[in-house]
Amino acid sequence: MKKSKYRRLLTVLPISFILFGCESGDETKDEADNLSEAVDYTFTGIEAGSGITELTLDMINDYDNLEGWEVNKSSTAGMITALDRAIENEEPIIVTGWSPHYIFAEHDLKILDDPKNSLGEEETIKTIVRQGLEEDKPNAYEIMDRFSWDKEDMEEVMLEAQEIPFEEAAQNWVDENGDKVSEWTEGSETVDGEPFHLISTPWDTERASSNVMAIVLEDLGYEVDITNVDPVVMFQAISEDEGDASLSPWLPTSFGAYYEQFEGQFEDLGPNMTGVSNGIVVPAYMDIDSVEDLKPRK
Ligand code: PBE
């Protein structure tokens, strides 16, 4: 082999060795660079009025490496469609997600570390009622006060509701969980068409809880209305006696600001579920583990 070719080989070796050999750090740096650029420095988000959208905007301010990043505010349906499509094509995508949710049953996903805890720790979902409900509707008030179930219960209803209407999925859950339901209704009286107005938020998580509760109350003779509104309107409606109760508040982080805004104008009956959380979610095939690995917009 002529000297020159040999010399070229010599010169090439170290560079490739540099590129692919020992310097693995660079490789992941490139990976993260490419990945950040590939998603155009954008988190695929949901509704503008949601708690997680606000929290993700705060997170962008909390992390210097997220300089120039944005949240694409669309809808929950839009986010899930984008996630499904990206996974179909094994493309990179970074979405604002939460648990419980059926996407974790449908896809191999991971939640990125959030060392600055911008999205908050684990949360609870609380029950709030209008002031005076205990006096006006003691029977229903008692059921609201006892209502509590687990993430697995809610996920079961959500997953089934991807195939059948939420009302049917909720009815199936109530039929299969009489023991848990009786913990909420033991000693309750039946009524004759007494109205009860539930204020909910438009996410499948809350559609599950509101539909289950509506069936439980209807089985006792109540006429139940469910109204879906934005989180801040949910607090306003209960505070202004526009509704009797809500099973929808994610606290203390997602809706903390609204809770403070209306504090003292509603009654907080405590958690009906624990261990829920928001997170920055990516398909497991993406080589990234933390929000801190993302790169600022070039
Ligand atoms: N969520 C589901 C809502 C609350 C329930 C997390 C999308 C939110 O972020 O406001």
Quick one: are Met59 and Lys116 in side-chain contact, heavy atoms under 4.5 Å? no
How close do Ile288 and Leu294 get, counting heavy atoms only, and between which atoms? CD1-CD2, 3.2 Å
Residue pairs passing the side chain to side chain donor-acceptor pair (under 3.5 Å) test with at least one member in residues 208-221, sequence neighbours excluded, are Ser200-Ser210
Measure from the side-chain N and O atoms of Gln131 to the backbone N and O of Gly264, and report whether any donor-acceptor pair falls under 3.5 Å. yes
Does CD in Glu106 sit with more than 12 non-hydrogen atoms of other residues, nucleotides or ligands closer than 6.0 Å? yes
For the backbone of Asp179 and the side chain of Ser182, can you confirm whether one donor and one acceptor N or O come within less than 3.5 Å of each other? yes
Main chain of Leu109, side chain of His107: is a donor-acceptor contact present, judged purely on distance under 3.5 Å? no
A side-chain contact here means heavy atoms from C-beta on lying under 4.5 Å apart; do Met144 and Leu217 qualify? yes
Measuring only between side-chain heavy atoms, which start at C-beta, is Ile93 closer than 4.5 Å to Arg85? no
The reported gap from OH in Tyr141 to CG in Asp136 (rounded to nearest 0.5 angstrom) is 12.0 Å
Is there a continuous path of hydrophobic side-chain contacts, each under 4.5 Å between heavy atoms, that joins Ile164 to Ile215? no
To the nearest 0.5 Å, tell me how far Arg297 CZ sits from Leu66 CG. 11.5 Å
List the steps, then state whether side-chain contact (heavy atoms from CB on, under 4.5 Å) holds for Lys110 with Val282. CA-CA 6 Å; Lys110 58 185 176 182; Val282 299; 3.5 Å; yes
Write down the atom of Pro100, the atom of Val276, and the distance for their closest heavy-atom approach. CD-CG1, 3.6 Å
Find the distance between OG1 (Thr124) and CG (Asn272) and round it off to the nearest 0.5 Å. 8.0 Å
Just by distance, with hydrogens left out, do Glu123 and Asn278 show a side-chain donor and acceptor under 3.5 Å apart? yes
Quick check: does any side chain N or O of Lys73 sit under 3.5 Å from a backbone N or O of Thr53, one acting as donor and the other as acceptor? no
Please give me the minimum heavy-atom distance between Val157 and Ala208, naming the atom from each residue. CG1-CB, 3.8 Å
Got a second to check how far Leu57's CG is from Trp69's CH2, nearest 0.5 Å? 13.5 Å
Does the side chain of Pro296 come within less than 4.5 Å of Asp64's, by heavy atoms? no
The test is side-chain contact (heavy atoms from CB on, under 4.5 Å); show your working for Arg207 and Ile226 and say whether it passes. CA-CA 9 Å; Arg207 293 176 72 194; Ile226 300 174; over 6 Å; no
Using only atom types and a distance under 3.5 Å, with no angle test, would you say the side chain of Ser75 pairs donor to acceptor with the backbone of Gly78? yes
4.5 Å side-chain heavy-atom contact, Pro115 and Tyr63: yes
Take atom CD of Glu121 as the centre, draw a 6.0 Å sphere, and report whether it contains more than 12 heavy atoms from other residues, nucleotides or ligands. no
Using the ring pair (Phe, Tyr, Trp, His ring centres under 6.0 Å) rule, collect all pairs that involve residues 75-97, keeping only residues at least two apart or in two chains. none
Distance in Å, Leu55 CG paired with Trp98 CH2, rounded so as to fall on 0.5 Å steps: 12.5 Å
Applying side-chain contact (heavy atoms from CB on, under 4.5 Å) to Lys137 and Arg130, what does each step give before you reach the verdict? CA-CA 11 Å; Lys137 300 181 180 182; Arg130 66 175 174 79; 4.2 Å; yes
Pick out which of Asp192, Asp244, Asn139, Thr190 makes a side-chain hydrogen bond (donor to acceptor under 3.5 Å, both in side chains) with Tyr222. Asn139
What's the shortest heavy-atom distance between Ser148 and Trp184, and which atoms? O-NE1, 3.1 Å
Is any side-chain heavy atom of Glu47 closer than 4.5 Å to one of Thr76? yes
If we count only N and O atoms by modelled type, under 3.5 Å, do the side chains of Asn172 and Glu176 hold a donor and an acceptor together? no
Test item: Asp204 and Tyr102 side chains (from C-beta on) under 4.5 Å apart, heavy atoms: yes
Just verifying a value: how many Å separate Met234 CE and Thr227 OG1, rounded to the nearest 0.5 Å? 12.5 Å
Could you check Ile280, Thr42, Leu83 and say which one makes a side-chain contact (heavy atoms from CB on, under 4.5 Å) with Ile94? Ile280
Are the side chain of Asp114 and the backbone N or O of Leu119 linked by a donor-acceptor pair below 3.5 Å? yes
Evaluate the side-chain contact (heavy atoms from CB on, under 4.5 Å) criterion for residues Trp149 and Asn177: first the C-alpha distance (whole Å), next the side-chain angles of each, then the deciding distance (0.1 Å), finally the verdict. CA-CA 10 Å; Trp149 62 338; Asn177 293 273; over 6 Å; no
Shortest non-hydrogen contact between Pro138 and Glu135, atoms and distance: CD-O, 3.5 Å
Has Arg146 got a side-chain atom pairing as donor or acceptor with Glu186's backbone, closer than 3.5 angstrom? yes
Could you check whether any side-chain N or O of Ser246 sits under 3.5 Å from a backbone N or O of Ile199, counting only pairs where one atom can act as donor and the other as acceptor? yes
With a 6.0 Å cut-off (strictly less than), is the heavy-atom count around CD of Glu152, excluding the residue itself, greater than 12? yes
Is there a side-chain contact between Asp268 and Tyr259, using heavy atoms and a 4.5 Å cut-off? yes
Asp225 side-chain N/O to His197 backbone N/O, donor-acceptor pair under 3.5 Å: no
Non-hydrogen atoms of Val181 and Val216 that approach each other most closely: CG1-CG2, 3.8 Å
Aromatic plane relationship, Phe255 with Tyr258 - under 30° parallel, 30 to 60° tilted, over 60° perpendicular: tilted
Under 3.5 Å side-chain donor-acceptor pair for Gln171 and Asp175: yes
